[in-house]
A.B. asks: 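What follows is a single structure, and I will ask about it in a moment.
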Amino acid sequence: MKIKYIAVILLSFLSTFTLHSKPILIKEFVQGYLTKNLVIQSKKQDMKKARAQILSSRAVDDIHLELNADYQLQKDMGSEGLVPIKKNIVKKAEMKLMKIISQTGTRLEVSHILSHSKTKLGTSSISTLTIPELEAVNNTQSKAYQNEINFGLIQPILRNCFGLLDRYPKKIARLEKTIQKIEYLELVENKKLEAVKLYLDWIYFRRQKQILKKIIQNNRMILNQVRKKVRIGLGIQSDLEMARSNVLLYEKSFLEIKKSEIELLNELKKYLNINSDFYPDEDFLNIQLPKVKTKPNQNLRIFNAIELAVKQLSFMKKIASNKMLPQFDIIANYKLYSSKKKFFDSYKKLKTNEFFVGFQFKMPLQNKEARAEKMKAKAEYRKILIRRKKIHRDFYHAKIHFKNNLKLINELKAKQKRYVASLYKAYRSDLREYRKGIVNLKDLVTTLNEYSNSKLVITQYQIEYLKNYYGYLELIDQLAF
């Protein structure tokens, strides 16, 4: 009964351990890393800013409404004139609509001015006997409605010709939105690679700990054998200290690896809710890696982004060059006007009209600001061309670097495996001969150390190969998790 009770407790403990210990798969790890990555969240705000910039650039197409109203009162005016104005009230309202046609740079303006005047005349100081007509106007009151409708047009000829200064900012904003989207995708893939490397480091530390535990176990076995020989007088004290120091050496290495793993886990906790019960899926090291299929460079994000940036700065250069030109505009204005006693008559009888055509010319004599802006735009354009050249060069060398590394690491890994197998045979042989007293402890420890270190190197090569493989995928926009 007691045995059954202990078995139940043991099974309960094991089931609890199994429930709380689970491997974190690479896809789950990468997704968690990306979700809580603050750099990616910040880049999303840059994309929103780019969308806002498009909206801002379209403001040039807005229709602007302007409303004005005023009231004017005048008293006791014109006392030296023929008939003095005792009181004059003028009420005026103005509505103006302004619109820019960005495709041509044309400025359109329509305005409507409605005013109502009410005038009360006084008594003239001149006798009506002298001027009989004054009798009809003295102490009279009059009112009138004045209507004025204006149609105005300004067409740039040199500066902002065909709306260049209005259209190009919209093009630049649209390009910026596309660039920010590409940069966001590039950043996400870069952060995926960061996550994969961290995951591989996690596996590396875990594997190294496992290997070091076996190495320590083998060295402790030798230490126990040497200790027995010393007790019965068949071994010497220096052999015992050598065996003990070897155990301490690998125990120290184990603690260093454990320390590095703890530091890594603390970093991972920024992105994932993990604790010591979680561990990486070590089968990730042994998955079948598909053959990489390359695609033309012009289809890669990094080259798309730089070409768009070059185009963007070419527009900025054209804007700066256009600002160097003087402002020369054709101006046209057509006005309809009427003044009637009745409100509706002032609208019905809009007959008086004017038509005006002219031009305006304006240019700063030295134009230092525009010259400086043009110099800056040219410098930025040359700079982006140099950057494009550097990107192409760096990409070419990075591609060769990854290919050469993958080939070399693969060869090293294959040779290292054969080397480990050979050292294992040598170690087993030396161990048997040491027990027979044929091989001394120093030779056995040397063989064991070489065998132990070579096993650690295999894991290192595996991790390094995968980091280069996924780094190459990230370079050619094919890293997917």
Side-chain angles (χ1 to χ4, degrees), residues 44-70 92-115 147-184 308-309 311-337 347 350 353-364 367 369-370 373-374 376-377 380:
K44 285 181 179 179
Q45 303 311 308
D46 290 338
M47 292 174 67
K48 289 182 180 180
K49 283 172 60 180
R51 289 196 292 270
Q53 185 60 34
I54 288 179
L55 187 62
S56 176
S57 69
R58 290 174 180 167
V60 70
D61 297 319
D62 287 349
I63 297 175
H64 296 268
L65 171 66
E66 184 179 326
L67 298 173
N68 294 302
D70 59 74
K92 188 195 296 186
E94 180 183 3
M95 181 180 73
K96 187 185 292 184
L97 290 173
M98 293 160 285
K99 166 72 177 174
I100 297 174
I101 302 174
S102 58
Q103 287 80 2
T104 59
T106 309
R107 269 65 176 160
L108 300 175
E109 183 178 298
V110 178
S111 65
H112 174 216
I113 302 173
L114 174 65
S115 61
N147 249 313
E148 183 180 321
I149 298 176
N150 288 283
F151 302 91
L153 176 147
I154 299 175
Q155 178 61 54
I157 302 300
L158 295 177
R159 182 176 174 143
N160 198 25
C161 181
F162 294 109
L164 187 144
L165 300 181
D166 300 323
R167 291 183 292 111
Y168 278 17
K170 292 195 285 186
K171 292 183 177 182
I172 290 169
R174 286 196 295 268
L175 287 171
E176 182 63 24
K177 179 187 174 184
T178 308
I179 290 170
Q180 288 297 329
K181 184 178 180 180
I182 292 172
E183 288 182 354
Y184 172 76
L308 290 174
K311 193 174 181 180
Q312 192 180 47
L313 283 170
S314 72
F315 286 141
M316 291 180 182
K317 190 158 70 82
K318 288 177 182 178
I319 288 174
S321 297
N322 187 262
K323 286 182 178 179
M324 290 286 293
L325 299 174
Q327 184 176 339
F328 180 69
D329 303 332
I330 293 175
I331 302 172
N333 189 76
Y334 180 71
K335 179 166 71 173
L336 294 170
Y337 176 81
Y347 280 99
L350 282 167
N353 59 70
E354 295 178 11
F355 182 70
F356 166 80
V357 177
F359 71 87
Q360 63 180 8
F361 181 86
K362 184 169 66 174
M363 181 183 74
N367 211 5
E369 184 178 357
E373 190 174 339
K374 185 177 179 180
K376 288 179 184 178
E380 287 295 331

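Note: hydrogens, waters and symmetry copies are ignored here, and every other heavy atom, side chains too, is used. A quick note: this is a predicted structure, and the numbers were derived from the prediction, not measured.
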A.B. asks: Is Glu148 reaching over with its side chain to a backbone N or O of Tyr337, donor-acceptor style, under 3.5 angstrom?
C.D. replies: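 No.
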A.B. asks: Are side-chain heavy atoms of Phe359 and Ile157 found at a separation under 4.5 Å?
C.D. replies: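 Not in contact.
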A.B. asks: Ignoring hydrogens and geometry, is there a side-chain-to-backbone donor-acceptor pair from Lys170 to Ile54 under 3.5 Å?
C.D. replies: no
A.B. asks: Any heavy-atom pair between the side chains of Phe162 and Arg167 that's under 4.5 Å?
C.D. replies: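 With C-beta onward as the side chain, the pair touches.
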A.B. asks: Heavy atoms, side chains only, cut-off 4.5 Å: are Lys181 and Lys177 in contact?
C.D. replies: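 The answer is no, as the side chains (C-beta and beyond) never meet within the 4.5 Å cut-off.
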A.B. asks: Looking at Lys92, I want to see if its NZ is surrounded by more than 12 non-hydrogen atoms of other residues, nucleotides or ligands under 6.0 Å.
C.D. replies: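 Counting neighbours around NZ of Lys92, 12 or fewer heavy atoms of other residues, nucleotides or ligands fall under 6.0 Å, so no.
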A.B. asks: For the pair Ser321 (side chain) and Lys317 (backbone), establish whether a donor and an acceptor sit closer than 3.5 Å, ignoring hydrogens and angles.
C.D. replies: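 Yes, the answer is positive, given that a donor and an acceptor are paired below the 3.5 Å cut-off.
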A.B. asks: Could you list the residues that satisfy salt bridge (Lys or Arg N to Asp or Glu O under 4.0 Å) with Lys323, not counting sequence neighbours?
C.D. replies: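 Lys323 satisfies salt bridge (Lys or Arg N to Asp or Glu O under 4.0 Å) with Glu373 only.
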A.B. asks: Taking only residues two or more places apart in sequence, or in another chain, which ones meet Lys374 in a salt bridge (Lys or Arg N to Asp or Glu O under 4.0 Å)?
C.D. replies: none
A.B. asks: With sequence neighbours left out, what residues match Thr104 under side chain to side chain donor-acceptor pair (under 3.5 Å)?
C.D. replies: Thr106
A.B. asks: Determine whether a donor-acceptor pair (N or O, by modelled atom type, separation under 3.5 Å) exists between the side chain of Asn160 and the backbone of Leu165.
C.D. replies: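 Yes: the side chain of Asn160 pairs with the backbone of Leu165.
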A.B. asks: Sort out for me which residue in Met47, Gln312, Arg51 forms a side chain to side chain contact (heavy atoms under 4.5 Å, CB included) with Glu176.
C.D. replies: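 With Glu176 as partner, Met47, Gln312, Arg51 yield a single side chain to side chain contact (heavy atoms under 4.5 Å, CB included), made by Gln312.
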A.B. asks: Are more than 12 heavy atoms, taken from residues, nucleotides or ligands other than Glu369, located less than 6.0 Å from that residue's CD atom?
C.D. replies: no
A.B. asks: Are Tyr334 and Leu153 close enough that some pair of their side-chain heavy atoms sits under 4.5 Å apart?
C.D. replies: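 The answer is no; the side chains never approach within 4.5 Å.
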A.B. asks: Please indicate whether Lys44 has more than 12 foreign heavy atoms, meaning atoms of other residues, nucleotides or ligands, lying under 6.0 Å from its NZ.
C.D. replies: no
A.B. asks: Report yes if some heavy atom in the side chain of Ile319 is under 4.5 Å from a heavy atom in the side chain of Pro169; otherwise report no.
C.D. replies: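 Answer yes - side chains close enough.
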